[in-house]
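Data first, discussion second: the structure below is written as structure tokens.
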Amino acid sequence: KLPLITAVVGTMQFSPNGRYLAVGDDDGNLLIRETIKNWPRIRYYQTGAEIRGIAWDPSTPRTLFVGSRNGNAHMITFDVSLAKRDVALVASFDSCIHAVAVNECGTQVAIAYGLKVAVVERSFDDILLVVFFGTRGMMY
């Protein structure tokens, strides 16, 4: 049993280097644990809704993207120094987020929401492309 996880675990991902495991549950709890001896808890966040997708940034240490049922996508970078200066950005989409993926370079994030897929810069500043998957296939 994982402390602070209060509902069914819906998604989980190891960081690219295997040092961390991020676990998301249906109550919106995000738990990050280190995979060393005793698996200590590193961070706990509450996203506000069921976590549907987790993807780690392969190019920036300790950075991950989390998508929730309420349409919020979070970019979280956690600091393991004594200062613990975490950074969390949130972008809102108009429908439930179903999946999140990061490209190999860590420069773009794909977010599936409703019947659409948005490709955004990792900073959430610019939406580069939105593809709508309708009954007739892809539309841009």
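Keep in mind the model is a prediction, meaning the values are calculated, not measured.
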Verify the cluster assignment for [X] and [Y]: are they in a single hydrophobic cluster under the rule of side-chain heavy atoms below 4.5 Å apart?
{"X": "F78", "Y": "L30", "value": "yes"}
{"X": "M75", "Y": "I54", "value": "no"}
{"X": "F65", "Y": "L89", "value": "yes"}
{"X": "I76", "Y": "I51", "value": "yes"}

Check: Under 3.5 Å, is there a donor-acceptor pair between the side chain of D27 and the main chain of N29?
Finding: no
Margin query: Given 3.5 Å as the limit, does a donor-acceptor pair link the side chain of T47 with the main chain of S68, or not?
Written below: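 Such a contact is absent between T47 side chain and S68 backbone.
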Next item on the list: Tell me, please, which residues at least two apart from D86 pass side chain to side chain donor-acceptor pair (under 3.5 Å).
Entry: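 Result, side chain to side chain donor-acceptor pair (under 3.5 Å) vs D86: R43, Y45.
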Check: Under the side chain to side chain donor-acceptor pair (under 3.5 Å) test, which residues partner T35, sequence neighbours left out?
Finding: none
Item checked: Check against side chain to side chain contact (heavy atoms under 4.5 Å, CB included), W56 and V102 -> CA-CA 7 Å; W56 289 87; V102 180; over 6 Å; no
Pairs touching [range] that satisfy salt bridge (charged side-chain N to carboxylate O under 4.0 Å, His left out), sequence neighbours left out:
{"range": "residues 99-111", "value": "none"}
{"range": "residues 58-82", "value": "E50-R69"}
{"range": "residues 87-101", "value": "D94-K116"}

Acceptor/donor pairs from residues 11-19 side chains to any protein atom, 3.5 angstrom cut, sequence neighbours excluded:
unit_1, atom_1, unit_2, atom_2, d
S15, OG, N17, OD1, 2.7
S15, OG, G18, N, 3.4
S15, OG, R19, N, 3.2
S15, OG, Y20, N, 3.1
N17, OD1, R19, N, 2.9
R19, NE, E34, OE2, 2.6
R19, NH2, E34, OE2, 2.6

Margin query: List the residues meeting side-chain contact (heavy atoms from CB on, under 4.5 Å) with S95, not counting sequence neighbours, and say none if there are none.
Written below: Y113
Notebook entry, point to check: I32 and L64: side chain to side chain contact (heavy atoms under 4.5 Å, CB included), yes or no, with the steps?
Noted result: CA-CA 10 Å; I32 301 172; L64 68 159; 3.9 Å; yes
Checklist line | Spacing of L115 atom CG and H98 atom NE2 [to the nearest 0.5 Å] | finding: 7.5 Å
Item checked: Rounded distance (nearest 0.5 Å) linking atom CG of N70 with atom CD1 of I97 -> 7.5 Å
Checklist line | Heavy-atom closest pair, residues K37 and P40 | finding: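 Minimum heavy-atom separation between K37 and P40: O-CD, 3.5 Å.
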Check: Which atom pair, heavy atoms only, marks the closest approach of A101 to A55?
Finding: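 Residues A101 and A55, closest heavy atoms: CA-CB, 4.1 Å.
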Margin query: Is the shortest side-chain heavy-atom distance between V8 and D25 below 4.5 Å?
Written below: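 Side-chain contact under 4.5 Å: no.
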Notebook entry, point to check: For D26, which residues count as a salt bridge (Lys or Arg N to Asp or Glu O under 4.0 Å) partner, sequence neighbours excluded?
Noted result: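 Scan of D26 (salt bridge (Lys or Arg N to Asp or Glu O under 4.0 Å), adjacent residues dropped) gives none.
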Next item on the list: Could you walk me through whether V66 and N72 pass side chain to side chain contact (heavy atoms under 4.5 Å, CB included), step by step?
Entry: CA-CA 8 Å; V66 179; N72 287 339; over 6 Å; no
